[in-house]
Amino acid sequence: MNQRITLADIAEQAGVSTATVSRVLNAKSNVAASTRHQVLAALDVLGYERPESVHQPSRGLIGLIVPELSNPIFPLFAQEIEQLLAPTSHTPLLCTQAPGGISEDEYIEMLVDRGVEGIIFVSGRHADTTGDVTRYHRLREQGVHVVTINGNAPTITVPGFATDDSAASRIAVNHLVSLGHHRIGLAIGPTRMVPAQRKRSGYGLAMQEALPEEPLRIIENLYTYEGGITAGARLLEQGCTGIVCGSDVMALGVIQAARNAGLEVPRDVSVIGYDDSPLIPMTSPPLTTVHQPVTAICRAAVSTILGAIAGEVPVEAEMLFAPELIVRSSTAVAPPEAA
């Protein structure tokens with residue numbers, strides 16, 4: 001351990017006593033897992049390598065399969081889950097997917113070969129209503145516990161945790177309606193996926209309740225910046241002054257589409273994202289978005305899979321978490337000619 005660091009330095013950073021730091025560094029057993037995690041985090045923050053004495057053997061491996069990390073919401077899910085597992089001494093094995101790369105089934109085979117006790121799937125094939133879900137049931141038959149995040153297809157009977165996507169679209173539409181917008185569009189991903197289906201449903205319900213005379217304006221594309229540009233251009237051609245998006249990244253593409261058309265956000269068109277991803281408050285303009293309660297979702301998922309590993313019988317149902325509208329500067333009162 002670097003000689004320049006002192007117990008007092010670590011204690012101050014971790015918010016614990018020097019005696020507690022000493023117990024952690026000497027691998028004493030009479031330290032709570034959460035406190036030990038605080039001390040180790042303090043070491044990492046201070047930039048010092050952990051001494052060998054604090055290393056503990058893993059209590060088991062847990063797989064974590066997430067989509068590509070280009071969308072900042074997925075690294076956030078991965079980070080939260082890894083931080084929640086750290087105090088439990090379970091080791092997460094992170095597997096990231098990318099188009100044309102290793103498939104979910106290949107990752108599953110690899111994780112099973114390594115003897116994982118459970119797998120947490122984030123936005124995987126479990127949310128695809130056209131996909132084969134028997135892979136998840138086979139895992140359970142093999143004794144591997146399964147938990148999903150972000151939408152279960154109706155044919156899946158495993159514990160799932162997700163934001164209420166239908167409610168998310170409703171509160172976004174209602175916000176635009178309250179600002180005087182009538183021509184409101186929706187830019188979402190492929191509706192074979194459960195989250196997109198739910199967002200579409202919520203949008204339709206909100207429009208029917210608030211603006212029954214208005215047609216539904218829905219464009220499907222990829223949840224990417226480029227997909228947002230394409231979807232945004234088509235919705236702007238339909239005269240939309242308010243656009244609800246299926247992701248923050250997609251919303252940034254819609255804003256670019258508005259600029260390409262010579263329009264200004266939010267003067268001419270209001271845009272709402274979804275996720276409340278890291279760095280989104282720093283966009284120009286700062287993006288109004290629907291916040292996903294990532295920490296709460298991850299806490300429930302990790303608690304459930306650890307409980308199942310310990311022998312508890314989990315509830316084989318999906319739990320939905322309430323979204324929250326975060327109003328920033330990408331939405332404003334509808335332009336006069338649109339009111």
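Model, not experiment: these values are computed from the prediction.
Contact record, Asp165 with Lys199: OD1-CE, 3.3 Å, taken as the closest heavy-atom pair. The minimum heavy-atom distance linking Ala172 with Val290 is given by the pair CB-CG2, 4.4 Å. Between Ala251 and Gly273, the shortest heavy-atom distance links the atoms CB-CA, 3.7 Å. Between Gly151 and Ala162 the shortest heavy-atom distance is N-CB, 3.5 Å. Between Ser329 and Pro285 the shortest heavy-atom distance is O-CB, 3.8 Å. Closest non-hydrogen pair, Val147 versus Ala301, comes out as CG1-CB, 3.7 Å.
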side-chain hydrogen bond (donor to acceptor under 3.5 Å, both in side chains) between Ser103 and Asp105, worked out = CA-CA 5 Å; Ser103 70; Asp105 284 334; 5.4 Å; no
Between Cys298 and Gln83, is a side-chain contact (heavy atoms from CB on, under 4.5 Å) present by the stated rule, with each step listed?
-> CA-CA 10 Å; Cys298 292; Gln83 287 179 344; over 6 Å; no
For Val144 and Val116, run side-chain contact (heavy atoms from CB on, under 4.5 Å): C-alpha distance rounded to whole Å, both residues' side-chain angles, the deciding distance at 0.1 Å, then the answer.
-> CA-CA 7 Å; Val144 178; Val116 295; 4.3 Å; yes
Between Thr331 and Thr288, does a side-chain hydrogen bond (donor to acceptor under 3.5 Å, both in side chains) hold up when you go through it step by step?
-> CA-CA 6 Å; Thr331 51; Thr288 294; 3.0 Å; yes
Evaluate the criterion side-chain hydrogen bond (donor to acceptor under 3.5 Å, both in side chains) for residue pair Glu316 and Thr157; output intermediate values, then yes/no.
-> CA-CA 5 Å; Glu316 296 179 349; Thr157 54; 4.5 Å; no
Determine, step by step, whether Thr191 and Gln197 satisfy the side-chain hydrogen bond (donor to acceptor under 3.5 Å, both in side chains) criterion, reporting the C-alpha distance in whole Å, the side-chain angles of both residues, the deciding distance to 0.1 Å, and the verdict.
-> CA-CA 5 Å; Thr191 51; Gln197 285 186 1; 6.0 Å; no
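Ion pair Glu220/Arg192 not flagged as a salt bridge, since none of the NZ, NE, NH1 or NH2 atoms sits closer than 4.0 Å to an Asp/Glu carboxylate oxygen. The existence of a salt bridge linking Glu213 and Arg183 is excluded, since no basic side-chain nitrogen approaches an acidic carboxylate oxygen closer than 4.0 Å.
A side-chain donor from one of Thr289 and Asp248 sits under 3.5 Å from a side-chain acceptor of the other. Under 3.5 Å, the side chains of Arg23 and Thr20 contain a donor-acceptor pair of N or O atoms. Between the side chains of Ser166 and Arg170, at least one donor-acceptor pair of N or O atoms lies under 3.5 Å. A donor-acceptor pair shorter than 3.5 Å cannot be found between the side chains of Asp275 and Ser247. In this model, no donor atom of one side chain and acceptor atom of the other lie less than 3.5 Å apart for Gln13 and Asp9. Side-chain polar atoms of Asp128 and Thr130 form a donor-acceptor pair below 3.5 angstrom.
Put simply, the side chain of Asn152 gets close to the backbone of Val158: a donor and an acceptor are under 3.5 Å apart. At distances below 3.5 Å, at least one donor-acceptor pair connects side-chain atoms of Thr88 with backbone N or O atoms of Leu85. Between the side chain of Thr304 and the backbone N or O of Ala300 there is at least one donor-acceptor pair closer than 3.5 Å. Side-chain atoms of Ser330 come within 3.5 Å of backbone N or O of Val271 as a donor-acceptor pair. With Ser270 contributing its side chain and Ala332 its backbone, the two residues share a donor-acceptor pair below 3.5 Å. Looking at His181, its side chain does come within 3.5 Å of a backbone N or O of Thr241 through a donor-acceptor pair.
Rounded to the nearest 0.5 Å, atoms CZ (Phe321) and OG1 (Thr295) are 11.0 Å apart. Atom-to-atom distance recorded for Gln38:CD and Ile10:CD1 is 13.5 Å, nearest 0.5 angstrom. Atom CG in Leu320 sits 9.0 Å away from atom CD1 in Ile297 (nearest 0.5 Å). Annotation: the span from Arg198 atom CZ to Ile188 atom CD1 amounts to 13.5 Å, rounded to 0.5 Å. A distance of 10.0 Å separates CD of Gln238 from CD1 of Ile218, quoted to the nearest 0.5 Å.
By the 6.0 Å contact criterion, CD on Glu264 is enclosed, its count of non-hydrogen atoms from other residues, nucleotides or ligands being greater than 12. Annotation: Glu214, atom CD; neighbour count of heavy atoms from other residues, nucleotides and ligands within 6.0 Å is above 12. Atom CZ of Arg328 has more than 12 heavy atoms from other residues, nucleotides or ligands within 6.0 Å. Within 6.0 Å of the CD atom in Glu106, the count of heavy atoms belonging to other residues, nucleotides or ligands exceeds 12.
Using a 4.5 Å heavy-atom cutoff, the side chains of Cys240 and Ile243 are in contact. No side-chain heavy atom of Ile120 sits less than 4.5 Å from a side-chain heavy atom of Ile65. Contact check for Ser123 versus Pro67: side-chain heavy atoms found under the 4.5 Å cut-off. Inter-residue side-chain proximity for Phe161 and Pro159 is flagged as met; some heavy-atom pair is nearer than 4.5 Å. By the 4.5 Å heavy-atom criterion applied to side chains, Tyr203 and Leu216 are counted as neighbours. Side-chain contact between Val112 and Leu139 is present, with at least one heavy-atom pair separated by less than 4.5 Å. Using a 4.5 Å cut-off on side-chain heavy atoms (C-beta onward), Phe74 and Thr96 make no contact. With contacts defined as side-chain heavy-atom distances shorter than 4.5 Å, the pair Arg135/Ile108 qualifies.
Residues Leu111 and Leu61 are members of one and the same hydrophobic cluster, defined by side-chain heavy-atom contacts under 4.5 angstrom among Ile, Leu, Val, Met, Phe, Trp and Tyr.
Ring geometry, Phe121 versus His126: the interplanar angle exceeds 60°, so the pair is classed perpendicular (tilted spans 30 to 60°).
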